[in-house]
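Chain A is the first sequence line, chain B the second, and so forth, proteins listed ahead of strands; every chain is numbered from 1.
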Number of protein chains: 2
Amino acid sequence: MRGDSRRSNGRGSGQTIRMRDVARRADVSPMTVSRVLRDPGKVSEETRNRVLETIREIGYVPNKLAGSLASSQSNVIGLVVPSIRNSLFADTIQGTADVLRAAGFQLMVADSGQSLDDEEALVSAFVAQRVSGIILHNTRHTDGTRELVRRAGIPVVETGDLAPEPLDMTVSYSNYAAARDMTLSLARRGYRRIGFVSLHTKENDRARERRRGYVAAMKSLGRAPDPALMTQVASGLAAGAQALVHLVQSARGLDVIFFAGDVLAIGALLECQRRGWPVPSRIAIASFDDLDLLQHTVPTVTSLRLPRREIGRYSAEVLLDRIRGSSTRNVSLDLGFEIIEREST
Amino acid sequence: MRGDSRRSNGRGSGQTIRMRDVARRADVSPMTVSRVLRDPGKVSEETRNRVLETIREIGYVPNKLAGSLASSQSNVIGLVVPSIRNSLFADTIQGTADVLRAAGFQLMVADSGQSLDDEEALVSAFVAQRVSGIILHNTRHTDGTRELVRRAGIPVVETGDLAPEPLDMTVSYSNYAAARDMTLSLARRGYRRIGFVSLHTKENDRARERRRGYVAAMKSLGRAPDPALMTQVASGLAAGAQALVHLVQSARGLDVIFFAGDVLAIGALLECQRRGWPVPSRIAIASFDDLDLLQHTVPTVTSLRLPRREIGRYSAEVLLDRIRGSSTRNVSLDLGFEIIEREST
DNA sequence: CTGTTAGCGCGTTCAC
DNA sequence: GTGAACGCGCTAACAG
């Protein structure tokens with residue numbers, strides 16, 4: 001293979017063009033070509049133009065692999081999310097991608113499927129790729145993960161929740177505070193028996209924090225947390241519908257349910273439509289995530305507006321600041337949230 | 001910096017561990033360490049275990065940058081989507097990510113924002129990173145993009161639609177056929193005046209193909225395409241609602257509308273609920289994309305089930321086949337679609 | 001402003 | 001089964 005990476009399929013140019021090919025053709029040294037690409041100001045205009053022209057002519061595309069190896073810095077950021085498919089992360093990823101792209105950075109995305117061990121494997125792969133920063137949508141990690149990023153000295157941003165033991169930097173909102181405040185807000189609006197539905201708290205830290213917030217709110221209201229008012233379900237529209245029916249039928253006097261996960265509230269609302277249960281008169285509904293949909297449904301749904309896009313943007317920005325060395329350390333941003341009251345409560 | 005990449009922030013181990021550090025400690029040559037990592041069978045069990053143990057002890061993480069440079073092959077695949085945020089792509093990305101991860105490959109994701117020039121820039125960045133394969137959710141490209149991938153000789157999969165002029169491989173369904181068949185299906189069910197709403201066909205190839213399919217179906221039914229029945233809108237729930245109202249009020253005799261884009265049908269359905277227009281008796285609704293939601297709404301919505309996940313999976317698989325050299329050339333998969341008839345029509 | 005030298009960390013090749 | 005030499009393509013440091 002050496003010196004001949006010709007493809008066997010008959011496609012491609014046959015030869016990868018190297019910097020020295022450009023240099024030879026433009027009658028300069030490879031170093032000058034390198035400078036034209038990364039520090040054009042240090043090359044005379046005439047030479048620069050000649051080199052640029054040559055690059056265009058022969059279609060040279062620099063090898064970043066070699067560049068990164070030589071300079072010990074890549075322009076790649078690694079991102080681990082629990083689930084790419086979950087549209088809730090899509091906004092955040094988009095925010096990150098936008099900032100990174102403007103800065104000329106690439107984004108490497110991976111999916112941990114909620115498994116901390118898989119997360120460790122992915123972080124290891126990122127370290128192996130020598131990414132210059134890592135974003136984790138998760139605040140709990142294996143010891144191995146912690147050790148990996150510590151030793152690698154790579155800047156890390158955690159998000160998804162405020163991190164109790166930050167690896168490095170944090171950009172998020174507080175799931176605890178959000179659930180607590182929504183619960184208090186419902187109480188303030190006069191609801192007496194407030195039901196709470198979350199995703200399974202066993203595997204999901206965010207779900208656990210939200211439940212903690214709900215419980216704290218109930219206590220501060222002088223209401224002992226009633227197990228009959230609380231339930232956990234899997235993700236999905238159908239699960240939301242089931243949880244609704246379950247709680248409405250089993251918890252007497254229930255007047256509102258706070259759905260603290262994904263699309264649960266929508267599933268519940270649709271179930272109400274199906275059964276002809278008027279919302280909010282028969283049962284009121286509040287949601288955690290302010291999906292677009294919730295302001296278009298009939299009735300519109302009360303929810304928490306979370307700064308998804310901003311989390312993505314800021315995560316990228318603090319990472320870039322750190323990489324560029326212009327950074328304050330120990331960044332820990334709480335981007336907050338907002339309660340949006342609508343017709344469903 | 002050379003030889004001393006110590007961080008100034010006091011974090012990190014201070015020194016990156018290299019293969020030769022492992023070798024020294026395990027009392028073997030670097031070559032043996034390399035073999036243990038990539039071809040363990042060629043090393044005696046005793047040596048192998050000693051090396052493995054040493055790697056664990058000192059927490060060595062191989063430098064893939066150097067490895068890829070030396071071997072001229074990376075384990076990274078580049079993916080360009082029009083919009084990360086669009087949940088329709090999320091399923092496909094997940095499918096790709098799943099397959100790639102099982103094969104030990106990394107995914108680099110970028111967002112072209114529907115701009116062909118931006119796509120070219122991203123492809124160029126991918127080539128610069130020496131990715132070993134590229135997936136494009138798009139079938140139209142600049143000449144520059146075509147030239148880039150041709151010269152680089154990188155395997156490419158196009159998707160999003162059947163490619164009229166494939167760069168290389170294609171994995172998709174036919175937007176044209178899907179829209180045509182849905183239109184014919186509506187006619188077969190007895191609908192006489194079939195309205196059609198798409199996204200703007202000017203910037204969106206898929207929207208154009210879908211409209212072409214609708215028009216072809218109408219012609220084959222002996223019905224001249226009536227401009228009064230067709231409209232184009234931006235993406236979003238509100239746009240779907242507006243399109244609905246516009247068509248219902250302006251096209252007399254309209255009995256069904258086929259919404260050929262994103263969440264338009266949902267926006268329209270919700271608008272019907274808001275206005276108290278019964279679906280399908282006052283106006284029937286059909287959707288293009290079979291979002292989960294559509295089988296939970298009241299009424300449930302007729303739509304096209306597209307093989308999103310499969311597209312992602314197969315795209316990754318044909319790419320991997322090609323990279324591993326075990327491939328048939330000119331792969332062109334049409335994964336088809338399915339019409340799901342529900343209550344809304 | 002431009003060139004020279006010396007690696008970056010690893011894989012390939014070939015010898016032992 | 002194991003090791004030495006060389007180079008992947010580029011950039012840092014220094015010299016001129």
Side-chain angles (χ1 to χ4, degrees), chain A residues 1-6 15-52 54-55 58 60-75 127-132 152, chain B residues 1-6 15-52 54-55 58 60-75 127-132 152:
Chain A
M1 283 287 283
R2 174 75 45 79
D4 181 0
S5 53
R6 247 172 283 268
Q15 270 296 357
T16 305
I17 299 164
R18 292 147 305 177
M19 190 175 269
R20 62 163 159 275
D21 300 323
V22 177
R24 208 153 20 213
R25 210 153 189 283
D27 200 32
V28 292
S29 76
M31 202 49 232
T32 299
V33 178
S34 178
R35 282 203 191 88
V36 168
L37 259 18
R38 40 196 353 278
D39 204 352
K42 289 193 174 172
V43 179
S44 75
E45 191 178 337
E46 193 196 322
T47 311
R48 185 172 57 223
N49 287 150
R50 193 168 71 244
V51 171
L52 252 16
T54 309
I55 288 176
I58 63 179
Y60 168 65
V61 180
N63 186 333
K64 280 260 180 203
L65 249 35
S68 297
L69 179 60
S71 65
S72 305
Q73 48 183 291
S74 75
N75 64 150
V127 173
Q129 302 281 357
R130 297 302 189 262
V131 298
S132 45
Chain B
M1 283 284 285
R2 172 74 46 78
D4 181 359
S5 54
R6 247 172 282 271
Q15 270 296 356
T16 305
I17 298 164
R18 292 146 306 176
M19 190 175 270
R20 68 168 81 112
D21 301 322
V22 176
R24 207 153 21 212
R25 211 152 189 281
D27 200 32
V28 292
S29 75
M31 204 45 241
T32 300
V33 178
S34 178
R35 282 203 190 87
V36 167
L37 258 18
R38 40 196 355 274
D39 203 353
K42 290 194 174 172
V43 180
S44 75
E45 190 176 337
E46 193 197 322
T47 311
R48 185 172 56 222
N49 288 148
R50 194 170 71 244
V51 171
L52 252 16
T54 308
I55 288 176
I58 63 179
Y60 169 65
V61 180
N63 186 332
K64 280 260 179 203
L65 249 35
S68 297
L69 179 60
S71 66
S72 304
Q73 47 184 289
S74 76
N75 63 150
V127 172
Q129 302 282 357
R130 297 301 188 260
V131 298
S132 45

Would you please confirm or rule out a distance under 4.0 Å between OP1 or OP2 of dT11(D) and any side-chain N or O of S34(A)?
yes
Who pairs with R25(B) by salt bridge (charged side-chain N to carboxylate O under 4.0 Å, His left out), at least two apart in sequence or on another chain?
E57(B)
Between D21(B) and T16(B) the two heavy atoms that sit nearest each other are OD2-O, 4.0 Å
Expected list for residues 25-33 of chain A near DNA chain C, using heavy atoms below 4.0 Å, is V28(A), S29(A), M31(A), T32(A)
Let me know the distance between CD of E46(B) and P of dG1(D), rounded to the nearest Å.
13 Å
What's the CZ-P distance between R48(A) and dT2(C), to the nearest Å?
10 Å
So, does S132(A) use its side chain to make a donor-acceptor pair with the main chain of N75(A) at under 3.5 Å?
no
Quick check: closest heavy atoms across I58(A) and I17(A), and the distance to 0.1 Å?
O-CD1, 2.8 Å
At a heavy-atom distance below 4.0 Å, what parts of residues 35-44 of chain A sit against DNA chain C?
R35(A), K42(A), V43(A), S44(A)
Enter the distance from S71(A):OG to K64(A):NZ here, rounded to the nearest 0.5 Å.
8.5 Å
Starting at CE of M19(B) and ending at C1' of dA5(D), how long is that distance when rounded to a whole Å?
16 Å
For T54(B), the side chain to side chain donor-acceptor pair (under 3.5 Å) test, sequence neighbours excluded, returns none
Whole-Å distance between dG7(C) P and N63(B) CG?
18 Å
List the residues meeting side chain to side chain contact (heavy atoms under 4.5 Å, CB included) with S34(A), not counting sequence neighbours, and say none if there are none.
M19(A), M31(A), R38(A)
Any R20(B) side-chain N or O less than 4.0 Å from OP1/OP2 of dC8(C):
yes
Would you indicate, yes or no, if dC10(C) has its OP1 or OP2 atom less than 4.0 angstrom from a side-chain nitrogen or oxygen of Y60(B)?
yes
Between atom CD in Q129(B) and atom C1' in dG9(D), what is the gap in whole Å?
14 Å
Would one find a side-chain N or O of T47(B) under 4.0 angstrom from OP1 or OP2 of dT2(D)?
yes
Could you tell me which residues satisfy side chain to side chain contact (heavy atoms under 4.5 Å, CB included) with R20(A), sequence neighbours excluded, listed by chain and number?
R18(A), R24(A), P30(A)
Counting only heavy atoms not in D27(A), do more than 12 fall under 6.0 Å of its CG?
no
Whole-Å distance between dT11(D) P and L69(A) CG?
11 Å
Holding to side chain to side chain contact (heavy atoms under 4.5 Å, CB included), I want the full list of residues that pass it with R48(A), two or more places apart in sequence or in another chain.
V36(A), P40(A), V43(A), E45(A), L52(A)
Restricting to side chain to side chain contact (heavy atoms under 4.5 Å, CB included), what partner residues turn up for L65(A), sequence neighbours left out?
N63(A), L65(B), S68(B), R130(B)
Nucleotide dG9(C), atom P - distance to CD1 of I17(B) in whole Å
12 Å
Measure the angle between the two terminal helix axes of the helix from dC1(C)-dG16(D) to dC16(C)-dG1(D), five base pairs each, and quote it to 10°.
30°
To the nearest angstrom, how far is E45(B) atom CD from dT2(D) atom C1'?
17 Å
